[in-house]
Amino acid sequence: MPELPEVETTAALVRPHLEGRVITGARASWLRSLGGPAVAEFEASVVGSRIAEVTRRAKWVVLHLERAGRPAGSILCHLRMTGRLVVDAQPGHADREGAFERVSLGLRGPAGGTATLRFLDVRKFGRFRFVEDHLEALADLGPEPLGEEFTEEWLIRALKARKRVLKPLLLDQTFLAGLGNIYVDESLFQAGLHPERSAHQVPKDRARALHGAIQSTLRQAIEREGSSFDAFYRTPEGQPGSYQHLFRVYGREGKPCPTCGRPIKRLVVAQRGTHICTRCQPAPRAPGKRR
DNA sequence: CCTTAGGCCTGCGCGC
DNA sequence: TGCGCGCAGGCCTAAG
C-alpha cells in the first residue's frame, strides 16, 4: 500500500493512536529497516520522546518527536512495497502478522495506558528511521501533487524543461513527490497521454489535462482510503481501501477500455509494468519518422 | 544530464 | 501435488 493515497490513509489511521504518547521502548528484528544505526543508537534517539504530531510528506509518514516540549527529531517511515504500520492496544501478541514485524515501539499514553506501534514489512524494503531534521532529510523531494506549489503553470513549465520520457519522470520523486506506478498509469490514461511521450513535447492543453488527472485521481483514491489488492495488505484498521475497483487501466490487461472498449495493453516502460489504451493514449511518433 | 540493469526481499499465482 | 518462473504498489546504486 505504498503510494500517496495509501500513505495518507496510513497516517490518518495511526494518528489518533500516536499523538500525545510517549515512546517507552524500541525493538528491531531486522536491522536494515532502521536504515543505518544500531538498535541501541536508535533506541537512545527515540525513547523518552513524545510523539507530538503525525504527518505525511510524499510517501513518507513523519512522526514528529518532542522532549520537554521542544522538537527532538523525527521518525521517518517509508512503506516501500509491503510495509504497514499498525497500533496494538495490547502489546506483543504473536499472530500471523507477528512474523513480519521488523520494528516496534512501546508507547505510554497521557492517562497511563500502553500500546505498541509495529512496523510490519514482508519484503523488508521499507524503512523506519530516526532523523534529527526531517526537512533536511526530505529536501530533495519535488512538490506535493495536492499542494499549492503544484499548479497547471508549474507543470507546463516543468514538463517543457525536461527531456525525459513522461512516465519515469512522473515516477521520479524529486520531480513530483507521491505518485507511483498505479496512479501514474491511471493519470496518464485520464489525460490521454502515452507514457513514452517526451515530457517537453507535451502540449499545454495536455499538460493541463494531466494536472487535473493527477489531482482528481489522488483525491478520489484518498476518499476511498487507497487501493488494496489482497487480503493481507490492508489499512492499519484492518480494512481494505476500495479504489482498486475504480482502476481504469492498471491491472486490466485485455479488459475493455472504459472509454472506447478496446482491450487494455500491457507494456514495460522503464522496467515497470505499464497499462494503456492504445487508442485513447496514442503513441508518440517515432523519431525521424514522418506522417 | 539521461537511461538501463541489478540489487534489495518475500510470497503468490500460473503453467506444466 | 510440486516446482520453476515471472510477477508485484519502490527506490538506490553503478555503469554506459
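Every chain is numbered from 1 and lettered A, B, ... according to where its sequence line falls, protein lines coming before strand lines. Predicted model, so just to flag it, every value in this text is computed and none were measured.
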How long is the gap from [atom1] on [X] to [atom2] on [Y], to the nearest 0.5 Å?
X	Y	atom1	atom2	answer
A:His275	A:Arg266	NE2	CZ	5.5 Å
A:Phe125	A:Arg32	CZ	CZ	10.5 Å
A:Arg208	A:Leu210	CZ	CG	12.5 Å
A:Lys167	A:Thr274	NZ	OG1	3.0 Å
A:Arg50	A:Arg70	CZ	CZ	14.5 Å
A:Lys255	A:Cys277	NZ	SG	15.5 Å

At less than 4.0 Å, is any side-chain N or O atom of [X] found next to OP1 or OP2 of [N]? Yes or no.
X	N	result
A:Arg127	C:dG10	no
A:Arg32	B:dG7	no
A:Tyr183	C:dG9	no

The side chain of [X] is closest to which nucleotide in this list: [options]?
X	options	result
A:Gln271	C:dC7, B:dT4, B:dG11	B:dT4
A:Phe125	B:dC8, C:dG9, B:dT10	B:dC8
A:His78	B:dT10, C:dG9, C:dC11	C:dC11
A:Val122	C:dA8, B:dG11, C:dG9	B:dG11
A:Arg80	C:dC11, C:dA8, C:dG9	C:dC11

Write down the distance separating the [atom1] atoms in [N] and [M], rounded off to the nearest Å.
N	M	atom1	result
C:dT1	B:dT10	P	26 Å
C:dG9	B:dT3	C1'	23 Å
C:dC3	B:dC9	P	25 Å

Quick one: are A:His64 and A:Ile51 in side-chain contact, heavy atoms under 4.5 Å? no
Could you state the [atom1]-[atom2] distance from [X] to [N], rounded to the nearest angstrom?
X	N	atom1	atom2	answer
A:Asp121	C:dG10	CG	P	13 Å
A:His275	C:dC7	NE2	C1'	11 Å
A:Arg123	C:dC11	CZ	P	13 Å
A:Arg266	C:dC7	CZ	C1'	8 Å
A:Asp185	C:dG9	CG	C1'	11 Å
A:Tyr250	C:dG10	OH	C1'	12 Å
A:Leu120	B:dC9	CG	C1'	16 Å
A:Arg84	C:dA8	CZ	P	22 Å

Indicate, with a heavy-atom threshold strictly under 4.0 Å, whether A:Trp60 touches base, sugar-phosphate, or nothing. nothing
A:His78 and A:Trp60 aromatic ring geometry - parallel, tilted or perpendicular at 30°/60° bounds: perpendicular
Stepwise, does the ring-ring contact (aromatic ring centres under 6.0 Å, His included) test hold for A:Trp154 with A:Phe175? CA-CA 11 Å; A:Trp154 181 91; A:Phe175 178 75; 5.5 Å; yes
Pair A:Tyr243-A:Tyr183, ring-ring contact (aromatic ring centres under 6.0 Å, His included): steps then yes or no: CA-CA 11 Å; A:Tyr243 189 76; A:Tyr183 297 107; 5.8 Å; yes
Do A:Ile276 and A:Leu169 sit in the same hydrophobic cluster, where Ile, Leu, Val, Met, Phe, Trp and Tyr count as joined when their side-chain heavy atoms come under 4.5 Å apart? no
Here the residues of residues 161-178 of chain A within 4.0 Å heavy-atom distance, strictly under, of DNA chain B are A:Arg162, A:Lys163, A:Arg164, A:Val165
For DNA chain B, what residues of residues 130-144 of chain A have any heavy atom nearer than 4.0 Å? none
For atom CZ of A:Arg224, is the number of surrounding heavy atoms from other residues, nucleotides or ligands below 6.0 Å larger than 12? yes
For DNA chain B, whose closest nucleotide is more 5', that of A:Ala270 or that of A:Lys124? A:Ala270
Work out which heavy atom in A:Leu179 is nearest to a heavy atom in A:Leu170; give both atom names and the distance. CB-O, 3.8 Å
Defining pairs by Watson-Crick or G-U wobble geometry with both distances under 3.5 Å, how would you list the stems of DNA chain B with at least three pairs each? B:2-8 with C:10-16, B:10-16 with C:2-8
